[in-house]
Amino acid sequence: MKASAGTRETWGSSLGFILAAAGSAVGLGNIWKFPYITGLNGGGAFVLVYLLCITIIGLPVMLCELTLGRHTRRNPVGAFKALSPPSSTLAQLIGAILVFAGFILLCLSTWGWAVTMLLLGAAIFRYSWIVVGAMGVVAGFTILSFYSVVAGWTIGYIWKAVAGQLGFTTVAAAASHFVGFITHPGWAIGCHLVFMLLCMVIVVRGVQAGIERWSKILMPVLFILLVVLIIRGLTLPGAMAGVRFFLSPDFSKINADCILQALGHAFFTLSLGMGAIITYGSYVDKKQNIFLATLSIAGLDTLIALMAGLAIFPAVFAQGFEPGAGPGLVFQVLPTVFNQIPLGALWATLFFLLLMVAALTSGISLLEVVTAYFVDERGWSRSRATIVFGAVIFFLGCFSAVSVTGWERIEWLHRIILAVFGTARGSFFDVMDNLSSNWLLPLGGLFISLFVGWVWGPAKAVAEIRHGSHNFADVHLISLLAGLKDDPSHNSDVHVLTLASIWGFFIRFLSPVAVLVAFLYTIGWLQF
Ligand code: PHE
């Protein structure tokens, strides 16, 4: 199915769609970010909180996004525009709460946040739920700007692996090489530029020829390579300490910040909360089972993250390295592991190449959100939207590229941020990451589930989900687990404990409350 004039392009096949959506989900988040934040947050207990967030928040919100996208066949802003009622009490209530919070913050003198809250509240009053879509487009900008910087590092490392420059014998040598590389503005910005150009070329080409074709070939190769790395990591002497760190939970290491990061990461890794999955869902046709698609996408994503952890932590411990080393973890540890395998340079090249590709399939989904908005809502041509906003994101990303380790090169910006917001945790790169992953995405996810659960309504949403799902939604859960799904007498009309009713309960109550509790806990308004 190609796009013909006037109709919207759709995915070529259901496998193609699932791999493309999994391609969006699986990326640097799984292989670069998940291991390093697990390392910073003390290991197993963090992994458990993350898995809990995926199950009770990630899965239900992903189904919301796919449903919204397929039903409206629009970008996130268009989707909310199409379904928002002319006036929504819930939206006004949220607007009022934000304005109220804004005034309180004004009294507490953090005026940057106060103004942000007031503006957001006012925007919700004026535009109702459409603001949620707009927040997604903004998140697309901010995430891709720093994402592309890290993806740029992988491009640099491909080059280094080919040139045979990664033959480190100690992790210390690998670490100092890595820091030298990322703090070199020419390299950092140059590689970031190459990555943005690659994303733009693919997005200009559109859904099938660009995104789908590449995801289908490259995702399976990545999987195989991870298996090889796990085997090598586990067979290094001293590797078991790493497995223990990764898999056995120590709950004394859980604190508020850790929970917020696990929550934020659940959204980040599943590409949720900003409309990427709404946009991908808009290219899905009615024959597809989006219930199963949700399970497969989230399942694949979690599998790859766990595999990445198993590939990295045994190697970290076997080499006496520090698991809390931060964003450089993967880049510092793996080259020394490759160095201990025959044909190491070849493996290293292949690994960074695949990591780059995983990043690319995610990067294009971020850019696609911005592009789809300007194409659908503003009538721009696909190529114009892609080129203009690709360039804007590139420029924004340059600030992250030169400030991963500190603010020295952009001290003026540091001063502005301090003056406006009072604090700036970490570097500019960290600020962008923290703002988008830990706040914008969970907030977006909260609004999306509230919208589907309370405004659009689970009944209409489930009617959409039923297309292509062969009554999946209405199957009695116990019958399903008992293997009696196809037995006619087990599919009665009494809809208790069906997959649909469980989902409805989650998106109306459990997921929003979980996100809210995590937020309130983090800002200190709630204590256990
Ligand atoms: N899920 C991607 C990753 O894990 C990142 C991403 C976030 C992509 C949000 C799209 C939207 O790398």
Side-chain angles (χ1 to χ4, degrees), residues 18-38 50 53-54 57-59 61-62 65-66 69 75-76 133 135-154 195-196 199 202-203 211 215 218-219 222 226 261-281 294 297-309 327 330 354-373 393 397 432-445 448:
I18 289 182
L19 287 182
S24 164
V26 175
L28 294 171
N30 307 58
I31 298 166
W32 159 75
K33 196 171 179 192
F34 175 64
Y36 103 69
I37 58 175
T38 302
Y50 156 82
C53 290
I54 294 272
I57 306 170
L59 283 174
V61 173
M62 179 172 279
E65 287 207 22
L66 282 177
N75 65 87
M135 270 171 51
V137 177
V138 172
F141 272 93
T142 47
I143 297 179
L144 187 52
S145 75
F146 74 84
Y147 199 83
S148 166
V149 171
V150 182
W153 301 346
T154 65
F195 183 77
M196 277 311 298
C199 283
I202 298 183
V203 172
I211 305 175
S215 309
L218 294 160
M219 294 290 298
L222 178 69
L226 273 178
Q261 284 195 41
L263 173 75
H265 190 64
F267 281 100
F268 185 88
T269 192
L270 292 176
S271 307
L272 293 178
M274 50 83 61
I277 300 295
I278 297 185
T279 311
Y280 272 28
T294 300
I297 298 162
L300 267 176
D301 186 78
T302 310
L303 181 69
I304 302 267
L306 295 177
M307 285 172 74
V330 173
L354 289 167
L355 188 52
M356 196 269 293
V357 170
L360 196 60
T361 52
S362 305
I364 53 187
S365 73
L366 286 158
L367 187 56
E368 179 64 25
V369 173
V370 180
T371 303
Y373 165 68
I393 294 169
M432 292 308 258
D433 182 7
N434 183 36
L435 175 77
S436 39
S437 318
N438 296 348
W439 295 94
L440 276 178
L441 296 185
L443 201 62
I448 289 171

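Atoms within a ligand are numbered from 1 in the order they appear, just like the ligands themselves. Reckoned from all heavy atoms, side chains included, excluding hydrogens, waters and symmetry mates. Please read these numbers as outputs of a predicted model, since none were measured by experiment. For reference, positions follow the sequence shown, starting with 1.
Asn438 places no side-chain N or O within donor-acceptor distance of the main-chain N or O of Leu435, the cut-off being under 3.5 Å. Between the side chain of Ser365 and the main chain of Ser24, no donor-acceptor pair closer than 3.5 Å is present. The backbone N or O of Ala358 lies less than 3.5 Å from a partner atom in the side chain of Ser362, making a donor-acceptor pair. Without hydrogens or angle criteria, Asn30 side chain to Asp301 main chain gives a donor-acceptor distance under 3.5 Å.
Residue Met274 touches ligand 1 through its side chain alone, judged by heavy-atom distances below 4.0 Å. Contact annotation: for Ser365 versus ligand 1, heavy atoms closer than 4.0 Å belong to the side chain alone.
Annotation for Ala305 and Tyr50: closest pair CB-OH, 3.7 Å, computed over non-hydrogen atoms.
Considering both main-chain and side-chain atoms, Gly29 comes within under 3.5 Å of ligand 1 through a nitrogen or oxygen pair. Among the atoms of Leu272, none of the N or O lies under 3.5 angstrom from an N or O of ligand 1.
Selection from Ala25, Gly136, Ser271, Gly275 by nearest heavy atom to atom 8 (C) of ligand 1 gives Ser271. Nearest residue to atom 12 (O) of ligand 1 from Trp32, Tyr147, Phe268, Tyr280 is Tyr147 (criterion: closest heavy atom).
Numbered from 1 in the order shown, with element, the atoms of ligand 1 that lie under 4.0 Å from a heavy atom of Gly27 read 3 (C), 4 (O), 12 (O).
At the top of the distance list for atom 2 (C) of ligand 1, counting protein heavy atoms only, stands Ser24 O, 3.2 Å.
Aromatic ring pairs are classed by plane angle as parallel below 30°, tilted from 30° to 60° and perpendicular above 60°; the pair Tyr36 and Trp32 is tilted.
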